[in-house]
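This one's a predicted model, so the numbers in the text were calculated from it and none came from an experiment.
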Amino acid sequence: MRHRIIVLGAGYTGAIAAGRLAKRLRREDVAITLVNAEPDFVERVRMHQLAAGQDLKPRPLSEMFAGTGVEPRLAKVTGVDVDRKTVAVIDANGAEELAYDTLVYALGSGWNAQGVPGTAEHAYEIAGRPGALRLRERLARLDAGQTVVVVGGGLTGLEAATEIAEAHPDLDVALAARGGLGDWLSPKGREHLWTVFGKLGITVHEHAAVTGVEADRVATADGKAIPAAVTVWTTGFAVHPIAKATALEGTGTGQIVVDATMRSVSHPDVYAVGDAARVMGPGDKPLRMSCASGTPTAWRAADAIAARLTGGKLPNAPIRYFNQCISLGRKEGLIQYVTADDRAVQAVLTGRLAAVYKELVCKGAAWGVVNPTLGLPTRRRRVTRERAAAGSAAKALA
Ligand SMILES: Cc1cc2nc3c(=O)[nH]c(=O)nc-3n(C[C@H](O)[C@H](O)[C@H](O)COP(=O)(O)OP(=O)(O)OC[C@H]3O[C@@H](n4cnc5c(N)ncnc54)[C@H](O)[C@@H]3O)c2cc1C
């Protein structure tokens with residue numbers, strides 16, 4: 001019987017983990033199923049572009065994984081039973097249970113309304129494709145001069161505000177940030193942000209903690225009201241509640257706690273990667289939810305699973321940050337170089353060169369999904385029956 005590996009979620013990290021496992025393990029020894037709710041791979045890092053009106057290249061999972069040894073399965077995951085080692089899914093044919101020997105949990109995250117009143121009813125979000133398409137359609141119907149307020153001064157907020165302002169110069173775009181604009185960046189990085197925001201005519205509301213959203217305005221903690229025909233909510237991401245409903249050890253926010261090999265600290269048959277995983281990075285700080293740090297977690301999980309099944313060496317290359325790549329519309333960008341633990345250093349790259357750099361990073365991220373070993377030669381190894389069984393035994397003893 002083949003060792004059954006189920007990967008939940010075909011975003012950047014799930015798709016990479018599945019593809020990399022298929023490159024490392026002999027096909028006759030493993031059955032790798034990649035479950036995803038949507039038929040396409042979605043370039044989540046481009047959702048602000050989609051919302052602003054650009055069209056993205058369709059990437060059907062069935063084509064991406066044809067002939068790879070990974071079996072894509074179009075279904076929505078509704079639950080995981082880590083004791084019975086099953087996943088509950090629902091698709092067009094109804095509900096079903098899938099049994100696994102090894103599970104890779106990569107369901108990513110969605111938007112985080114943070115319990116602010118009115119967000120669910122009135123705000124738009126761009127954490128996934130349905131939200132981005134809904135905003136796109138709304139923006140196209142606005143009249144010249146109407147105000148779009150982007151709430152959140154993090155990377156997603158900066159990218160969304162500039163993209164919308166560039167694509168819709170007739171609209172009045174504003175950004176509401178809890179702190180100062182780009183206050184974590186280097187002085188040069190901040191200066192460049194102000195220059196680009198000025199050129200695009202974006203109004204900046206600094207130190208504006210938004211406490212409520214209504215149909216035509218947002219309210220701030222200091223009692224102000226900012227007019228908003230459309231409010232775009234970008235204040236961080238929240239993981240889906242599925243993991244929290246399991247016996248897996250998790251954080252209060254629902255991320256799965258994993259060790260250095262991305263293996264659940266409570267259930268050795270389960271691995272978690274990307275936004276869904278709580279991974280400690282350099283400086284003993286948890287990695288932030290990002291494609292930049294999620295991709296190495298997928299490499300590491302796949303390599304660790306393959307090593308444990310075949311008797312190879314466990315991976316231990318450090319996961320670190322190099323830069324924060326921020327698009328500021330299609331013509332401008334900001335590459336902020338950072339320390340290993342993500343703190344800004346003096347060096348930045350700005351202007352058109354930075355825009356090109358960021359575009360190459362996005363293209364590279366999608367390329368990396370179809371080239372999960374980065375084009376390097378790799379050998380598929382035999383799974384030994386004893387090692388495949390060892391995972392289950394470890395579980396029984398745990
Ligand atoms: C607008 C925007 C810009 C960003 N820009 C950057 C950037 O420049 N750099 C960077 O590093 N990061 C960026 N990010 C963050 C980055 O996109 C995420 O951190 C990354 O996508 C996480 O990867 P993941 O594989 O964990 O999850 P995801 O990419 O979210 O993939 C999760 C997958 O699981 C599927 N799924 C979810 N629930 C279910 C279910 N119940 N059943 C079945 N399938 C399900 C989803 O459809 C999806 O395919 C950006 C995010 C946004 C929204």
Side-chain angles (χ1 to χ4, degrees), residues 3 5-27 29-30 32 34 68-70 100-106 108 248-249 255-322 340-342 364-365 367-384 386-388 390-392 394-395:
H3 186 85
I5 302 177
I6 297 187
V7 181
L8 304 182
Y12 289 98
T13 63
I16 289 173
R20 194 156 165 123
L21 280 163
K23 293 257 185 194
R24 299 262 190 260
L25 300 168
R26 294 266 284 262
R27 293 204 184 158
D29 295 340
V30 286
I32 304 171
L34 177 60
T68 61
V70 174
Y100 64 82
D101 298 304
T102 299
L103 184 74
V104 182
Y105 187 104
L248 287 166
E249 185 170 327
Q255 282 181 313
I256 298 170
V257 179
V258 295
D259 66 14
T261 65
M262 307 303 133
R263 191 185 212 180
S264 154
V265 294
S266 61
H267 291 75
D269 304 313
V270 179
Y271 291 72
V273 291
D275 288 359
R278 162 66 159 237
V279 183
M280 295 314 285
D284 226 16
K285 289 197 305 202
L287 297 178
R288 72 181 149 84
M289 292 188 194
S290 69
C291 190
S293 56
T295 297
T297 69
W299 294 333
R300 189 176 283 192
D303 292 353
I305 294 168
R308 288 193 170 111
L309 289 175
T310 62
K313 221 172 136 229
L314 284 174
N316 62 3
I319 296 179
R320 57 153 297 163
Y321 294 94
F322 295 94
D341 63 347
D342 210 24
W367 178 87
V369 171
V370 271
N371 295 277
T373 56
L374 304 179
L376 297 171
T378 177
R379 196 151 64 88
R380 293 191 175 88
R381 293 178 183 275
R382 271 238 88 108
V383 173
T384 64
E386 300 73 35
R387 291 186 192 281
S392 306
K395 161 82 182 70

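- Distance check, rounded to the nearest 0.5 Å: CG of Leu8 to OH of Tyr271 gives 15.0 Å.
- Without hydrogens or angle criteria, Arg27 side chain to Thr68 main chain gives a donor-acceptor distance under 3.5 Å.
- Expressed to the nearest 0.5 Å, how far CD1 of Ile256 lies from NE2 of His267 amounts to 10.5 Å.
- Between Ile319 and Met262 the shortest side-chain heavy-atom distance falls below 4.5 Å.
- The list of salt bridge (Lys or Arg N to Asp or Glu O under 4.0 Å) pairs with a residue in residues 294-307, not counting sequence neighbours, reads Arg20-Asp303, Arg24-Asp303.
- The nearest pair of heavy atoms linking Ser264 to Leu248 is OG-CD2, 3.5 Å.
- Here the side chain of Gln255 pairs no donor or acceptor atom with the backbone of Ala276 at under 3.5 angstrom.
- In terms of heavy atoms, Pro282 sits closest to Leu287 at CD-CD2, 4.2 Å.
- Heavy-atom minimum distance, Ser293 versus Ser290: OG-OG, 2.8 Å.
- Nearest heavy-atom pair, Val273 versus Ala301, reported as atom, atom and distance to 0.1 Å: CG1-CB, 3.5 Å.
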Test side-chain hydrogen bond (donor to acceptor under 3.5 Å, both in side chains) applied to Thr261 and Arg308, step by step: CA-CA 10 Å; Thr261 65; Arg308 288 193 170 111; 3.1 Å; yes
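- In this structure, Lys285 NZ and Asp342 CG are separated by 6.5 Å, a value rounded to the nearest 0.5 Å.
- Interatomic distance, NZ of Lys23 versus CG of Asn371, reported as 7.0 Å (0.5 Å rounding).
- Under the 4.5 Å side-chain criterion, counting only non-hydrogen atoms from C-beta, Trp299 is not in contact with Thr373.
- Residues Gly294 and Thr297 share a closest heavy-atom pair of O-OG1, 2.5 Å.
- Atom CD1 of Ile5 and atom CG of Asp269 lie 11.5 Å apart (nearest 0.5 Å).
- Using a distance-only test at 3.5 Å, with no hydrogens or angles considered, no donor-acceptor pair links the side chain of Arg26 to the main chain of Arg382.
- The line from CG of Leu309 to OG1 of Thr102 is 5.5 Å long, rounded to the nearest 0.5 Å.
- Counting all heavy atoms, side chain and backbone alike, Leu21 lies closest to Ala306 at CD2-N, 4.2 Å.
- For Arg381, the side chain to side chain donor-acceptor pair (under 3.5 Å) criterion is met by no residue, not counting sequence neighbours.
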